[in-house]
Amino acid sequence: MPELPEVEAVCRNLRAAGVEGLSIVRFRIERPGIARPQEVGDVEAAVSGCRLLRVERRGKNILLHLSNGQSLHVHLRMTGNLYPVPDPRFRPMATRAWWEFDGGRGMLFEDSRALGRIHLYPTAELTARMDEQIGVEPLDGAFTTQFFVQQAKRSGRPAKLFLMDQHPVAGLGNIYAAEALFRARIHPEVPMKRVSKPRLLALHGAIVQVMREAVDSAALAYAEPGRFVEGESFPCAVYDREQEPCTICERPIRRITQGGRSTYYCPACQRR
DNA sequence: AACACGACCTGGTAGC
DNA sequence: TGCTACCAGGTCGTGT
């Protein structure tokens with residue numbers, strides 16, 4: 001589920017539901033591991049009674065800014081989801097944390113694998129940390145071709161791993177990194193600094209394009225609060241399509257392993 | 001600095 | 001049907 005576009009959809013969905021400005025009557029973490037090493041009781045106590053001022057996204061991170069000068073840092077990791085619910089008593093099986101708002105509505109953090117995390121920090125500390133750890137947003141004006149080429153030229157890492165690193169550019173994960181490389185016709189194993197300037201420009205454009213399209217798809221999929229809508233997902237050209245014919249040349253898509261994850265690409269269209 | 005790899009977790013499914 | 005093995009959209013810590 002959650003790369004930048006899906007996390008953006010989660011945030012829009014929360015804002016559209018009007019959670020910003022609501023008072024949190026109660027906050028509970030049902031599974032201590034998601035807050036580790038922070039103490040669940042401390043976090044719950046600090047959050048309960050605050051107002052949720054603003055929902056912000058940085059890369060794949062969600063920041064819930066509170067009225068007490070602190071913010072919750074939510075990371076969905078692989079299977080997490082954060083969504084508003086009309087009835088705060090609604091608790092699906094994989095509920096890991098929940099918020100009850102003044103007036104009777106609620107918000108849920110659901111995560112079947114429980115790899116997601118929720119931590120509490122002073123707002124200034126959290127935003128500073130994000131500035132330092134999270135790179136440029138691909139849909140932001142700061143993501144210029146000059147910036148991208150400069151970052152690329154000083155990295156010897158394989159292209160796919162470079163894109164998945166959150167430091168230079170934030171928000172790409174396994175799916176959209178593969179899709180962007182396919183559109184730019186770049187082999188995922190090529191050292192970034194060896195990619196030609198024209199190809200880098202193509203990749204820059206592909207990243208922006210893929211992210212825009214995926215954000216739109218994700219927004220549609222989340223149109224109904226808290227529920228995915230089938231058939232509205234981003235149409236992948238290579239991801240999870242091993243052996244299927246390439247949409248351009250019809251040769252079979254190949255799967256390899258990079259950094260312990262699957263990479264899908266077309267060996268004919270994406271040359272070294 | 002860069003890389004591989006295990007850890008963190010649960011659930012779905014391909015294959016026997 | 002039932003079991004096993006492997007796979008999964010992410011990140012961090014450790015060791016080489």
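Within every chain, numbering begins at 1; the chains are lettered A, B, ... in the order of the sequence lines, protein sequences first and strands thereafter.
For the pair A:Asp131 and A:Arg58, the salt-bridge criterion is met [side-chain N within less than 4.0 Å of a carboxylate O].
Comparing A:His75 and A:Ser262 by the nucleotide of DNA chain C that holds the closest heavy atom to each, the one mapping nearer the 5' end is A:Ser262.
Between A:His167 atom NE2 and C:dT11 atom P the separation is 11 Å, expressed in whole Å.
More than 12 non-hydrogen atoms from other residues, nucleotides or ligands lie less than 6.0 angstrom from CD of A:Glu30.
Residue A:Arg36 is in sugar-phosphate contact alone, with no base atom involved, counting any heavy-atom pair closer than 4.0 Å across all strands shown. Residue contacts for A:Gly173: at a heavy-atom cut-off of 4.0 Å it reaches the sugar-phosphate backbone alone, with no base atom in range.
Considering only side-chain N and O atoms, A:Arg261 lies nowhere under 4.0 angstrom from the phosphate OP1 or OP2 of C:dA8. For the OP1/OP2 pair of B:dA2 and a distance below 4.0 Å, the side-chain nitrogens and oxygens of A:Arg154 include no atom meeting the criterion. Within the structure, every side-chain polar atom (N or O) of A:Arg77 is placed at least 4.0 Å from both OP1 and OP2 of B:dC8.
The same atom, P, is picked in B:dG6 and in C:dC6; the two are 13 Å apart, to the nearest Å.
Taking the side chain of A:Arg255 as heavy atoms from C-beta on, and the options C:dT11, C:dG9, C:dC7, the nearest nucleotide is C:dC7.
No hydrogens or angles were tested; on distance alone, a donor-acceptor pair under 3.5 Å links the side chain of A:Arg113 to the base of C:dA8.
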